[in-house]
Amino acid sequence: MRDSGLPFTFLRDNLYADFLPSMAGDDGVIRGPAGQGRVAAVAQADIADAAAAVLLDPGAHEGATYDLTGPRAMTLDEVAATLSRVTGRSVTYHPETVEEAYDSRRVYGAPAWQVEAWVSTYLAIAAGELEGVSDAVPALTGHPATSFEELLGTM
C-alpha cells in the first residue's frame with residue numbers, strides 16, 4: 001500500500017472490547033493461553049468515531065498510522081473481575097496451556113484456520129503484542145477512549 005502511490009491512512013484496531021464478554025463460556029470461565037499478558041481492548045464505537053474523524057479530513061491524516069486502543073491494558077483476570085463486578089455474573093479466568101486451548105476449541109467443529117485464529121489471539125496477549133496503549137482515540141475524536149467498565153455499562 002505504501003509503495004502504491006495512493007493516499008492512505010491505517011487504523012490498526014486492538015482487540016474489540018465489545019468481544020471480551022463473549023470470551024467467557026456458559027460456565028463463566030474465560031479459558032485461553034494468555035498467561036498474565038495484557039490487552040488494551042478498544043470499544044467499537046471509539047473505532048467508528050476515529051474512522052469518521054479521518055474520513056471528514058482525509059488530507060490531515062494522509063500517510064498516518066493510528067493504533068486504536070482502550071485507555072488501559074488489562075490481564076484476563078482483570079477482564080473477568082470487571083465483568084463480575086459490572087454484570088453481577090461470576091466470571092473467572094483459567095490460563096490454559098496451548099495444547100489445552102487447541103483441544104478445547106476443536107470440539108466446535110470449526111475449520112483448522114479458525115481454531116488457529118482463536119488460539120493465536122490469546123497467544124498474542126501472552127506475548128505482549130496487544131498491551132500497548134496509545135492516545136490515538138482521544139487525539140482523533142476529542143474524547144477519552146472508552147474504558148471496559150464504561151462499555152459494559154452501555155451493553
Side-chain angles (χ1 to χ4, degrees), residues 8-62 64-96 100-101 104-105 107-111 113-155:
F8 66 88
T9 304
F10 294 125
L11 300 178
R12 299 189 320 183
D13 308 346
N14 201 295
L15 185 65
Y16 300 141
D18 310 64
F19 170 72
L20 295 176
S22 66
M23 291 173 81
D26 291 338
D27 60 356
V29 180
I30 299 171
R31 289 180 174 80
Q36 289 303 303
R38 295 181 171 277
V39 58
V42 61
Q44 290 176 327
D46 287 346
I47 295 167
D49 289 348
V54 169
L55 291 170
L56 288 170
D57 191 5
H61 305 284
E62 189 173 316
T65 299
Y66 298 107
D67 292 322
L68 303 180
T69 72
R72 75 179 193 97
M74 303 173 291
T75 66
L76 293 185
D77 280 319
E78 292 170 325
V79 168
T82 302
L83 281 165
S84 296
R85 185 175 61 258
V86 174
T87 68
R89 176 183 182 208
S90 178
V91 179
T92 59
Y93 167 57
H94 171 73
E96 293 178 308
E100 287 172 330
S104 69
R105 283 148 181 85
V107 300
Y108 295 109
W113 66 265
Q114 184 67 57
V115 172
E116 179 69 28
W118 289 338
V119 174
S120 69
T121 298
Y122 292 93
L123 294 176
I125 293 170
E129 296 171 11
L130 300 177
E131 70 183 10
V133 175
S134 82
D135 67 350
V137 168
L140 289 169
T141 67
H143 65 72
T146 305
S147 72
F148 184 50
E149 189 164 355
E150 291 168 329
L151 176 67
L152 289 175
T154 66
M155 296 177 89

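In this text, all values refer to a predicted model and were calculated from it rather than measured experimentally. Below, all heavy atoms of this structure are taken into account, side chains as well, without hydrogens, waters or symmetry copies.
Distance CD/Glu78 to CZ/Arg85: 10.0 Å, rounded to 0.5 Å. For the atom pair Met74 CE and Leu130 CG, the distance stands at 11.5 Å (nearest 0.5 Å). Here the CD1 atom belonging to Ile30 is positioned 11.5 Å from the CD atom belonging to Glu96, to the nearest 0.5 angstrom. Separation of atoms OG1 (Thr82) and CG (Leu76) is listed at 11.0 Å; rounding is to 0.5 Å.
Closest approach of Ser147 to Pro71, counting heavy atoms only: CA-CG, 3.7 Å. In terms of heavy-atom proximity, Ala73 sits nearest to Val133 at N-CG2, 3.7 Å. Between Gly35 and Ala126 the shortest heavy-atom distance is N-CB, 4.4 Å. Considering all non-hydrogen atoms of both residues, Glu131 and Ala40 come closest at O-CB, 4.1 Å. Here the closest heavy-atom approach between residue Leu152 and residue Pro21 is recorded as CD2-CG, 3.7 Å. Scanning all heavy atoms of the two residues, the minimum distance from Ala43 to Thr146 falls at CB-CB, 3.9 Å.
Remark: the Thr69 side chain and the Asn14 side chain contain no N/O donor-acceptor pair separated by less than 3.5 Å.
For Phe8, the side-chain contact (heavy atoms from CB on, under 4.5 Å) partners two or more places apart in sequence, or in a different chain, are Met1, Arg2, Phe10. Applying the side-chain contact (heavy atoms from CB on, under 4.5 Å) criterion to Glu129, with sequence neighbours excluded, gives Ala124, Ala127.
Side-chain contact between Val137 and Asp49 is absent, with no heavy-atom pair separated by less than 4.5 Å. Looking at heavy atoms from C-beta onward, Met23 lies in side-chain contact with Tyr122 at the 4.5 angstrom threshold. Put simply, the side chain of Thr9 does not reach to within 4.5 Å of the side chain of Pro58, judged on heavy atoms.
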Practice task
Give the C-alpha distance, both sets of side-chain angles, the deciding distance and a yes or no for side-chain contact (heavy atoms from CB on, under 4.5 Å) between Gln44 and Leu151.
Solution key: CA-CA 10 Å; Gln44 290 176 327; Leu151 176 67; over 6 Å; no
Problem - Steps toward side-chain contact (heavy atoms from CB on, under 4.5 Å) verdict (Gln114, Tyr108) - result: CA-CA 10 Å; Gln114 184 67 57; Tyr108 295 109; over 6 Å; no
Exercise for the section: Mind running side-chain contact (heavy atoms from CB on, under 4.5 Å) on Arg89 and Leu83 for me, showing each step along the way? Expected result: CA-CA 7 Å; Arg89 176 183 182 208; Leu83 281 165; over 6 Å; no
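We find that Glu100 and Arg31 are not joined by a salt bridge, their nearest charged nitrogen and carboxylate oxygen being 4.0 Å or further apart.
Just one residue in the list Val42, Val39, Leu20, Val86 forms a side chain to side chain contact (heavy atoms under 4.5 Å, CB included) with Phe148, and that residue is Leu20.
The closest donor-acceptor contact from the side chain of Tyr93 to the backbone of Ala34 lies under 3.5 Å. A distance-only check finds no donor-acceptor pair linking the side chain of Tyr66 to the backbone of Ala51 [under 3.5 Å].
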